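The chains referred to below are lettered A, B, ... by the order of the sequence lines, with proteins before strands, and numbering in each begins at 1. Predicted, not measured: the structure shown is a model, and the values here were computed from it. Computed from heavy atoms alone, side chains included, the values below leave out hydrogens, waters and symmetry copies.
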Amino acid sequence: MLGVEFIRSNPDEVRQALSFRGASESVNLVDEVLEQDRILREALTLQQAKQQEINSASRTVGTLMREGNKEAATDLIQRQKKLKAEVKELGQTVSDSEEQLSKLLLAIPNIPHESVPEGLTEAENVTIHRHGEPPSFDFEPLPHWTISDRHGMIDFERGAKVAGAGFPFYMDVGAKLHRALINFFLSAATPQYTEVRPPLFVNAASAQGTGQLPDKEGQMYFIEDGFFPVPTAEVPLTNYFRDEILSEADLPIKLCAHTPCWRREAGSYGAHVRGLNRLHQFDKVEIVQFTHPHASYDVLEAMRLHAEELLKALELPYRCLLMCAGELGFNQAKQYDLEVWSAGQKRWLEVSSISNFTDYQARRMNIRFRPDGGGKPQLVHTLNGSALALPRVVAALLEHNQKKDGSYEFPSALTPYLT
RNA sequence: GGAGGGGUGCCGGAGUGGUCGAACGGGGUGGUCUCGAAAACCAUUGUAGGCAAUGCCUACCGGGGGUUCGAAUCCCUCCCCCUCCGCCA
């Protein structure tokens with residue numbers, strides 16, 4: 001979320017950012033914040049003044065009691081009753097407006113970076129560059145679900161029987177390819193990033209910290225005892241330092257993890273969810289960084305390149321998109337998507353999203369660092385990226401490398417891992 | 001799941017109703033001493049917030065609520081940790 005102080009001193013900038021994102025209907029939230037903030041501070045000031053009176057009177061009562069002057073003490077106690085009631089009432093006002101204010105703040109998205117292009121729809125995302133070209137085949141290339149079916153790699157039907165649609169079984173070579181990709185991705189990340197095995201369920205506080213809650217319950221599963229199965233490793237990894245103060249010297253901190261990801265994908269349907277295109281459970285290797293505020297945009301580029309290198313090594317044609325203001329995630333200040341070419345479906349599939357959240361998540365999670373040489377703690381910047389999400393890479397690999405006779409081969413980068 | 005014991009500042013650890021934001025020790029920082037270092041000594045060392053703002057004040061001793069003129073200290077509740085028993089991969 002944004003800081004109240006920031007909104008208080010830059011209301012116009014926030015309003016502009018909201019309309020830039022195409023959330024013009026939310027612009028009045030800014031005025032609500034300012035008003036609520038005013039009410040809050042007014043009540044707070046008054047409450048604190050009255051509390052001060054009570055505190056000093058209590059000290060006097062203590063002295064009088066010790067001196068044995070019970071009568072004077074009782075007098076004073078009587079006079080405090082009224083003040084106490086007033087403080088209690090003001091306290092109610094304070095907590096009410098705090099609650100209101102925090103609801104409002106959670107409803108205001110991050111401010112887009114100046115380099116974010118204008119636009120409200122997918123069509124206005126900017127293609128930064130392409131690598132490789134969609135290949136031409138001297139036969140009609142098949143979609144991955146047909147190929148995987150022929151080779152017994154993925155069993156969607158039995159997955160649907162045992163769990164439900166979107167929960168496939170990967171069998172034999174399919175399972176092995178999965179394991180190879182996970183290891184390949186992790187091996188590529190671990191020279192820089194610390195490998196982590198995080199909890200796969202998180203609590204509500206963590207889900208709110210990274211921005212899944214409130215409002216995005218439709219995305220996550222919720223299970224008994226208050227747990228959320230992770231929709232991405234971003235959640236446990238970024239919350240790792242929640243409510244902590246780091247040392248500036250420790251920055252940047254780089255974490256990576258392979259986890260399954262569970263998503264409800266409520267409302268998805270049609271041909272675009274066929275096969276591996278959209279699943280309720282999938283695997284992903286995620287990279288996360290906690291950086292100094294000055295460094296985050298350089299780090300964003302580095303993380304993007306890291307993900308791109310993986311696709312290059314897999315010899316898959318891909319394009320890199322810079323998301324326009326309207327397509328930018330709620331918490332993001334700047335975001336790239338990487339899309340691979342699906343030869344069988346003849347369309348681009350998103351396999352990675354790399355984002356800079358600036359201090360937006362850090363403020364929600366209260367993750368700060370103490371500057372070298374002391375001074376007030378400052379918020380870190382957080383970033384994350386998929387490097388990479390598995391199923392669509394599997395789909396693209398099968399489709400891209402298919403041969404007319406129905407055979408296939410995988411890129412040599414995977415050979416050491418396919419054992 | 002049952003029984004019991006705990007959660008205090010960067011760390012250890014006092015404190016069971018009245019200047020306690022918190023003794024004492026360690027650590028960190030600054031200084032004195034020294035050619036320098038060590039030792040010793042002195043000083044300093046949390047976070048958030050409000051205001052008429054080189055200062056004053058409020059809140060915070062796991063979280064929330066309550067009792068009281070006054071709570072780190074008493075009560076309720078939740079969370080977490082430890083020990084023993086049970087169960088279990």
Report task. Check whether any side-chain nitrogen or oxygen of A:Asn55 sits under 4.0 Å from OP1 or OP2 of B:A59, and answer yes or no. Result ->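 Indeed, a polar side-chain atom of A:Asn55 lies that close.
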Query raised in the report: At under 4.0 Å, does any side-chain N or O of A:Arg59 touch on OP1 or OP2 of B:C69?
Result: no
Counting only side-chain heavy atoms from C-beta out, which of [options] sits nearest to [X]?
| X | options | result |
| --- | --- | --- |
| A:Lys84 | B:G70, B:G18, B:A59 | B:G70 |
| A:Arg370 | B:G46, B:C69, B:A59 | B:G46 |
| A:Pro377 | B:G18, B:A48, B:G66 | B:A48 |

Protein-nucleic acid N or O pairs under 3.5 Å, nucleotides 49-51 of chain B:
| residue | atom | partner | partner atom | Å |
| --- | --- | --- | --- | --- |
| B:G49 | N2 | A:Gln48 | OE1 | 3.3 |
| B:G50 | O2' | A:Thr45 | OG1 | 2.7 |
| B:C51 | OP1 | A:Arg41 | NH1 | 3.4 |

Query raised in the report: Is the NZ or CZ atom of A:Arg158 positioned over A:Phe169's six-membered ring, under 6.0 angstrom from the centre and within 45° of the axis?
Result: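 Verdict for A:Phe169: no cation-pi partner in A:Arg158.
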Requested in this report: Return yes when atom CD of A:Glu124 has more than 12 non-hydrogen atoms of other residues, nucleotides or ligands closer than 6.0 Å, and no otherwise.
Outcome: yes
Requested in this report: Kindly check if the number of other-residue, nucleotide or ligand heavy atoms within 6.0 Å of CD (A:Glu301) is above 12?
Outcome: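 Yes, enclosed.
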Provide the distance between the two [atom1] atoms, one in [N] and one in [M], to the nearest whole Å.
| N | M | atom1 | result |
| --- | --- | --- | --- |
| B:C84 | B:C10 | C1' | 34 Å |
| B:A38 | B:C75 | P | 49 Å |
| B:C56 | B:C69 | C1' | 24 Å |
| B:C61 | B:C74 | C1' | 16 Å |
| B:G66 | B:A48 | C1' | 25 Å |
| B:G15 | B:U19 | C1' | 16 Å |
| B:A22 | B:G12 | C1' | 16 Å |
| B:G4 | B:A14 | P | 23 Å |

Which label fits [X] and [Y]: parallel for a plane angle under 30°, tilted from 30 to 60°, or perpendicular past 60°?
| X | Y | value |
| --- | --- | --- |
| A:Tyr221 | A:His280 | perpendicular |
| A:Tyr170 | A:His178 | tilted |
| A:Trp348 | A:Trp341 | perpendicular |
| A:Phe369 | A:His292 | tilted |

Do [X] and [Y] pair up side chain to side chain, a donor and an acceptor below 3.5 Å, judged on atom types alone?
| X | Y | result |
| --- | --- | --- |
| A:Glu399 | A:Ser342 | yes |
| A:Arg242 | A:Asn239 | yes |
| A:Asn55 | A:Gln51 | yes |
| A:Tyr193 | A:Gln289 | yes |

To the nearest Å, give me how far apart [atom1] ([X]) and [atom2] ([N]) are.
| X | N | atom1 | atom2 | result |
| --- | --- | --- | --- | --- |
| A:Asp243 | B:G9 | CG | P | 15 Å |
| A:Gln51 | B:C57 | CD | P | 14 Å |
| A:Leu379 | B:A48 | CG | C1' | 13 Å |
| A:Ile245 | B:U47 | CD1 | C1' | 7 Å |
| A:Lys50 | B:C56 | NZ | C1' | 18 Å |
| A:Arg368 | B:U47 | CZ | P | 8 Å |
| A:Gln378 | B:A48 | CD | C1' | 16 Å |
| A:Leu83 | B:U58 | CG | P | 14 Å |

Report task. Could you tell me the separation between the CD atom of A:Glu86 and the CG atom of A:Leu46, rounded to the nearest 0.5 Å? Result -> 8.0 Å
Can you check nucleotides 76-80 of chain B for protein contacts, nitrogen or oxygen pairs under 3.5 Å, and list what you find?
none

Query raised in the report: Under a 3.5 Å cutoff on both atom distances, Watson-Crick or G-U, what's the dot-bracket for RNA chain B ([ ] crossing, | other strand)?
Result: ((((((((.[[[..)..(.....]]]((((((.......))))))((((((...)))))).[[[[[..)....]]]]])))))))....
Are there any protein N/O atoms within less than 3.5 Å of an N/O atom in nucleotides 63-65 of chain B, and if so, which ones and at what distance?
none

Report task. Before accepting this row, confirm whether a basic side-chain N of the pair A:Lys312/A:Glu309 lies closer than 4.0 Å to the acidic partner's carboxylate O. Result -> yes
Query - A:Leu300 vs A:Tyr336 side-chain heavy atoms within contact, under 4.5 Å - result: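 Result yes, sub-4.5 Å side-chain heavy-atom pair found.
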Query raised in the report: Mapping A:Gly62 and A:Gln52 to their closest nucleotides on RNA chain B, which lands nearer the 5' end?
Result: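 This one resolves to A:Gly62.
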**Report entry** Of A:Lys88 and A:Ile77, the one whose closest RNA chain B nucleotide lies more 5'
**Finding:** A:Lys88
Report task. With sequence neighbours excluded, tell me which residues meet salt bridge (charged side-chain N to carboxylate O under 4.0 Å, His left out) with A:Arg15. Result -> A:Asp12, A:Asp31
Report task. For A:Lys88, check salt bridge (charged side-chain N to carboxylate O under 4.0 Å, His left out) against everything at least two apart and list the hits. Result -> none
